[in-house]
Amino acid sequence: MPQVNPEVFHAKVYDITRLIPHGRVTSYGHIARLTGHPAHSRLVGSALKFLQDPDVPWHRVISSSGAIADRGDGGEAAARQAHRLTQEGVTIIHGRGEGVTVDFAHPNPNAKYRINMALFGWFPDQVHLEGYDEPNDEQIQDSDSDLTEPSDDE
DNA sequence: TCGGCGGCGTACA
DNA sequence: CTGTACGCCGCCG
């Protein structure tokens with residue numbers, strides 16, 4: 001397994017996220033798999049967290065359980081995410097039934113938003129990324145040819 | 001060096 | 001269904 005190149009990994013996460021179709025959702029874990037690092041699901045969330053590029057539809061990435069991840073901020077972030085998805089036509093299951101009107105302006109901290117993954121899930125086995133050698137492989141080539149140097153300078 | 005802590009995921013009770 | 005326990009791995013104190 002190649003080491004994780006943070007910059008490449010983040011770039012891949014953003015590129016893959018950009019490929020999620022309008023009105024569909026996928027999971028952190030699936031994006032991690034598509035980057036070639038299936039065990040880095042948490043890093044996917046981390047990458048999306050400090051995301052600033054408005055061109056990346058971060059709101060289309062949810063937990064594999066179909067629930068919108070709770071950021072522990074009083075439910076505001078999750079509410080925003082649910083709201084944006086609603087605007088895309090994604091049905092948010094809120095509480096006891098589908099199509100329940102949600103007051104996104106006053107999110108309930110205990111509110112949990114779920115999505116029917118069978119309907120809106122987008123889980124391609126593979127995606128084509130431009131600018132990378134191989135979809136599932138980022139071979140560390142000459143980028144770090146400093147192996148002649150022992151790591152004593154750090 | 002160590003120990004928590006994540007926009008997680010899976011397995012079980 | 002909910003709650004707990006781990007594994008995961010980079011980051012930060």
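Each chain gets a letter, A, B and so on, in the order its sequence line appears, and its residues count up from 1.
Comment: A/Lys12 does not engage A/Asp15 in a salt bridge, judged by the lack of any side-chain N to carboxylate O separation of less than 4.0 angstrom.
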Heavy-atom contacts, protein to nucleotides 7-13 of chain B, under 4.0 Å, summarised as B (base), S (sugar-phosphate only) or - (none) per nt, yield BBSS---
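If you run side chain to side chain donor-acceptor pair (under 3.5 Å) between A/His59 and each of A/Gln81, A/Gln87, A/Glu88, A/His83, only A/Glu88 comes through.
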What dot-bracket string describes DNA chain C from 5' to 3', counting Watson-Crick and G-U wobble pairs whose defining distances are under 3.5 Å, with [ ] for crossing pairs and | for pairs to another strand? .||||||.|||||
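A donor-acceptor distance shorter than 3.5 angstrom exists from the side chain of A/Thr26 to the backbone of A/Trp122, with no hydrogens or angles considered. Checking side-chain atoms of A/His30 against main-chain N and O of A/Pro124 turns up a donor-acceptor pair under 3.5 Å.
No side-chain donor-acceptor contact under 3.5 Å links A/Asp55 and A/Tyr14.
Residues passing the side-chain contact (heavy atoms from CB on, under 4.5 Å) test with A/Arg114 are A/Ala67, A/Ile93, sequence neighbours excluded.
Between A/His10 and A/Phe50, the gap from one ring centroid to the other is short of 6.0 Å.
As rounded to the nearest Å, B/dG7 and C/dC6 have P atoms that lie 22 Å from one another.
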side-chain contact (heavy atoms from CB on, under 4.5 Å), that's the test. Do A/Leu48 and A/Val44 meet it? Break it down for me. CA-CA 6 Å; A/Leu48 293 176; A/Val44 173; 4.2 Å; yes
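Nucleotide B/dG6 holds its P atom 19 Å from the NE2 atom of A/His40, rounded to whole Å.
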